[in-house]
A.B. asks: 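Attaching a single structure in C-alpha cells format; questions to follow.
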Protein chains: 2
Amino acid sequence: MSGEIFITGEAKRTIDDRFRVTLPSEMAEVISDSDGNCILAKERSGCLSLWRAADWQKRIDDGVALIKQKIQTGRMESRWSDVQRLGRMLSTRYRTVSLANRSRLLIPEGFREFLEVPVNHDVMIVGAAICVEIWSPAAWLEALREDMPKFGPLFTELSA
Amino acid sequence: MSGEIFITGEAKRTIDDRFRVTLPSEMAEVISDSDGNCILAKERSGCLSLWRAADWQKRIDDGVALIKQKIQTGRMESRWSDVQRLGRMLSTRYRTVSLANRSRLLIPEGFREFLEVPVNHDVMIVGAAICVEIWSPAAWLEALREDMPKFGPLFTELSA
DNA sequence: TTGATTGTGGGTTTTGAGCCCAATAGGATG
DNA sequence: CATCCTATTGGGCTCAAAACCCACAATCAA
C-alpha cells in the first residue's frame, strides 16, 4: 500500500443520463495514475470503490501471502474471517476504468445494477482512507447508522 | 490541549440564505488559527462544534498519523476493511473550514442537514470551554432541560 | 448500408464558494 | 451629546467546479 495517502472527504454527486459521475478533483487526483486510470471494484451492494492500481494489486498480493502463511503454520482453523475476507476480495469483480477529463467516471455495465442508483439520482462520494467509495444514499445511511457507534473503539484500537 | 483557552458565552445568530453564520468575534478569535482555519465537527444531531486545529489534532490527527504510519510499515494488512471503515467515518465526522473575514463561517454541504436549521432561522452559538458549539434552538432547549439539573453537582465535583 | 444505441470528448451554462466592500447598529469615548 | 470604532449583516463580483447539452465515433442489429 503506498502509504502516503489517506483519503478523507465527502461529497454528493448525481449520476448523469449516461451513467457518468464527476469525482471531486482532489480525490480524482490521488486515486488515478498519470493516464487517469484506476481500479473500480464492487464492494457490497449499494457501494463501489475506486483504488489506485498499485494499491489494489498490493492488497490482493498481501492477502494471498497472509493466507498462505497461515495455512502453512496450521493457524487457519481459528481465522475463518480472514479466509472469508480474502475470498471476498478475490471474487469481487473489478476492472480498470479511466477517468475522462481527469475526473469523470463512466460506471460500466455490470456495475450499475450493483450500485442500485438510477440515472439522474444522487450518490455519495466518500473518502475511505485507502480508497474512494461511491455509495447509494440508502446504503450510505444504513452503513453510517451501523458503523458510527463503532467509531470510538475502532479508532482507539487501530491507533494503539 | 492548549490549555490557556476557556471559552464561555452565548449568542443568538441567524443563518443567512447562503448558509453563513457570523461568530461572536471573541470566539472566532480564539478558535481559529492565523489563517482563519478551524475544525468543524458533527457532534450530535442539532449540534455542530468548532475546534482549534491544534486541539483537534491532539484528539484525532495524532491517531491518524499513527495509522498512516502503520499502513506504510505494513502493519495493517489484515485490517484493511477496518481502516476503510474508519476512514469513512472520519470523512463524515469532521472537516476543516475557514472563517471569512475572520469570523464568518460557511456551513458546508453535509453539515447543514445535520444541524437541522433552515435558512434564515436562528442558531445558538455557545462557548463550551474547549470548543464552540452551534446549536439548533430546539436541540439547545432540549440539552438545557436535560443538563441544567446536573450543573450544580457537576460544578461542585469538577471544582473540588 | 442504415438506423439505433452507447461511449467519448468536447463545449456551454449554472451554481456556489471565496472575496470584498458598503450599510447598519450599537457601544465606547471624548 | 457628537463622534469614532468595531461588530455584524447584506449583497455584489469573480472564478472554478459541477451539471448539462450536443456532436461525433464505435458498435451492433436489422
Side-chain angles (χ1 to χ4, degrees), chain A residues 7 9-32 34-38 40 48 50 95-115 117-127 132 134-135 137, chain B residues 7-40 48 50 94-115 117-127 132 134:
Chain A
I7 310 172
E10 188 190 28
K12 186 191 297 189
R13 289 286 183 279
T14 78
I15 299 192
D16 77 6
D17 51 354
R18 298 285 178 92
F19 290 98
R20 295 178 297 186
V21 205
T22 315
L23 304 176
S25 45
E26 335 82 60
M27 294 190 192
E29 176 78 18
V30 290
I31 218 63
S32 59
S34 52
D35 305 324
N37 291 330
C38 54
L40 179 68
L48 302 174
L50 277 167
R95 54 169 293 183
T96 306
V97 292
S98 73
L99 307 181
N101 288 331
R102 281 265 167 282
S103 66
R104 188 160 59 174
L105 165 72
L106 173 72
I107 299 177
E109 179 71 25
F111 289 70
R112 297 169 183 176
E113 319 75 52
F114 193 78
L115 186 56
V117 175
V119 158
N120 286 322
H121 282 240
D122 288 342
V123 291
M124 293 298 306
I125 315 277
V126 183
V132 170
I134 304 172
W135 290 82
Chain B
I7 311 171
T8 57
E10 188 185 292
K12 185 192 294 191
R13 289 286 183 279
T14 81
I15 300 192
D16 76 9
D17 51 2
R18 297 194 213 170
F19 292 98
R20 298 178 298 182
V21 201
T22 310
L23 306 175
S25 53
E26 335 83 58
M27 296 190 192
E29 177 74 20
V30 288
I31 47 158
S32 60
D33 63 19
S34 53
D35 305 323
N37 291 330
C38 53
I39 307 291
L40 180 67
L48 302 174
L50 277 166
Y94 75 95
R95 55 171 294 181
T96 87
V97 292
S98 72
L99 307 180
N101 288 330
R102 283 259 166 284
S103 65
R104 185 149 59 175
L105 166 71
L106 173 73
I107 300 178
E109 173 78 19
F111 290 71
R112 297 168 183 174
E113 318 76 53
F114 192 81
L115 186 56
V117 175
V119 157
N120 287 320
H121 283 240
D122 288 343
V123 291
M124 293 299 306
I125 315 277
V126 183
V132 171
I134 304 172

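Proteins come first, then strands; the chains are lettered A, B, ... in the order of their sequence lines, and each starts at number 1. This one's a predicted model, so the numbers in the text were calculated from it and none came from an experiment.
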A.B. asks: Rounded to whole angstroms, how far apart are CZ on B/Arg13 and P on D/dG10?
C.D. replies: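 Answer to the nearest Å: 11 Å.
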
A.B. asks: Which residue pairs pass the salt bridge (Lys or Arg N to Asp or Glu O under 4.0 Å) test with at least one member in residues 7-20 of chain B, sequence neighbours excluded?
C.D. replies: B/Asp16-B/Arg20

A.B. asks: Taking only residues two or more places apart in sequence, or in another chain, which ones meet B/Asp33 in a side-chain hydrogen bond (donor to acceptor under 3.5 Å, both in side chains)?
C.D. replies: none

A.B. asks: Under 4.0 Å, heavy atom to any atom of DNA chain D: which of residues 21-33 of chain B qualify?
C.D. replies: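 Within this stretch, B/Thr22, B/Leu23, B/Pro24, B/Ser25 sit under 4.0 Å of the strand.
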
A.B. asks: What residues form a ring-ring contact (aromatic ring centres under 6.0 Å, His included) with A/Phe114, not counting sequence neighbours?
C.D. replies: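 Testing A/Phe114 for ring-ring contact (aromatic ring centres under 6.0 Å, His included), a comparison that skips the adjacent residues, returns none.
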
A.B. asks: Taking only residues two or more places apart in sequence or in another chain, which ones pass side chain to side chain contact (heavy atoms under 4.5 Å, CB included) with A/Thr96?
C.D. replies: A/Asn37, A/Ile39

A.B. asks: Would you say the side chain of A/Asn101 lies within less than 4.5 Å of the side chain of A/Thr22, judging by non-hydrogen atoms?
C.D. replies: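 No, side chains not in contact.
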
A.B. asks: Name all residues meeting the salt bridge (Lys or Arg N to Asp or Glu O under 4.0 Å) criterion together with A/Glu109; count only those two or more places apart in sequence or in a different chain, and write none if there are none.
C.D. replies: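 If we apply the salt bridge (Lys or Arg N to Asp or Glu O under 4.0 Å) test to A/Glu109, skipping adjacent residues, the hits are A/Arg112.
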
A.B. asks: Taking atom C1' of C/dA17 as reference, at what distance in whole Å does atom CG of B/Leu105 sit?
C.D. replies: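 It works out to 13 Å between those atoms.
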
A.B. asks: Can you measure A/Lys12 atom NZ to C/dT15 atom C1' for me and round it to whole angstrom units?
C.D. replies: 14 Å

A.B. asks: Output the rounded distance in Å from CD1 (B/Ile15) to P (D/dG10).
C.D. replies: 12 Å

A.B. asks: Quick one: list whatever passes salt bridge (Lys or Arg N to Asp or Glu O under 4.0 Å) with B/Arg102, sequence neighbours left out.
C.D. replies: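 Per chain and number, B/Arg102 pairs via salt bridge (Lys or Arg N to Asp or Glu O under 4.0 Å) with no residue.
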
A.B. asks: Classify A/Ser103 by what it touches in the nucleic acid, base, sugar-phosphate, or nothing, heavy-atom distance under 4.0 Å.
C.D. replies: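 No contact at all - A/Ser103 keeps every heavy atom at 4.0 Å or more from the nucleic acid.
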
A.B. asks: Given atom CG of A/Asp17 and atom P of D/dC22, what is their separation to the nearest angstrom?
C.D. replies: 11 Å

A.B. asks: How many Å lie between CG on A/Asp122 and P on D/dA18, as a whole number?
C.D. replies: 14 Å

A.B. asks: Quick one: B/Asn37 CG to C/dG18 P, roughly how many Å, whole number?
C.D. replies: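 Atom-to-atom, B/Asn37 to C/dG18, this comes out as 10 Å.
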
A.B. asks: For A/Arg95, give me all partners under salt bridge (Lys or Arg N to Asp or Glu O under 4.0 Å), at least two apart in sequence or on another chain.
C.D. replies: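 Counting only residues at least two positions away or on another chain, A/Arg95 forms no salt bridge (Lys or Arg N to Asp or Glu O under 4.0 Å).
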
A.B. asks: Taking all non-hydrogen atoms of both residues into account, name the closest pair between A/Leu99 and A/Ser32 and its distance.
C.D. replies: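 That closest heavy-atom pairing would be CD1-CB, 3.9 Å.
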
A.B. asks: Protein within reach of the bases, or only the backbone? For nucleotides 4-11 of chain C, mark each nucleotide 5' to 3' as B, S or -, using heavy atoms under 4.0 Å.
C.D. replies: ---BBBB-

A.B. asks: Can you check the A/Asp16 CG to C/dT14 C1' distance for me, whole Å?
C.D. replies: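 Whole-Å distance recorded here is 16 Å.
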
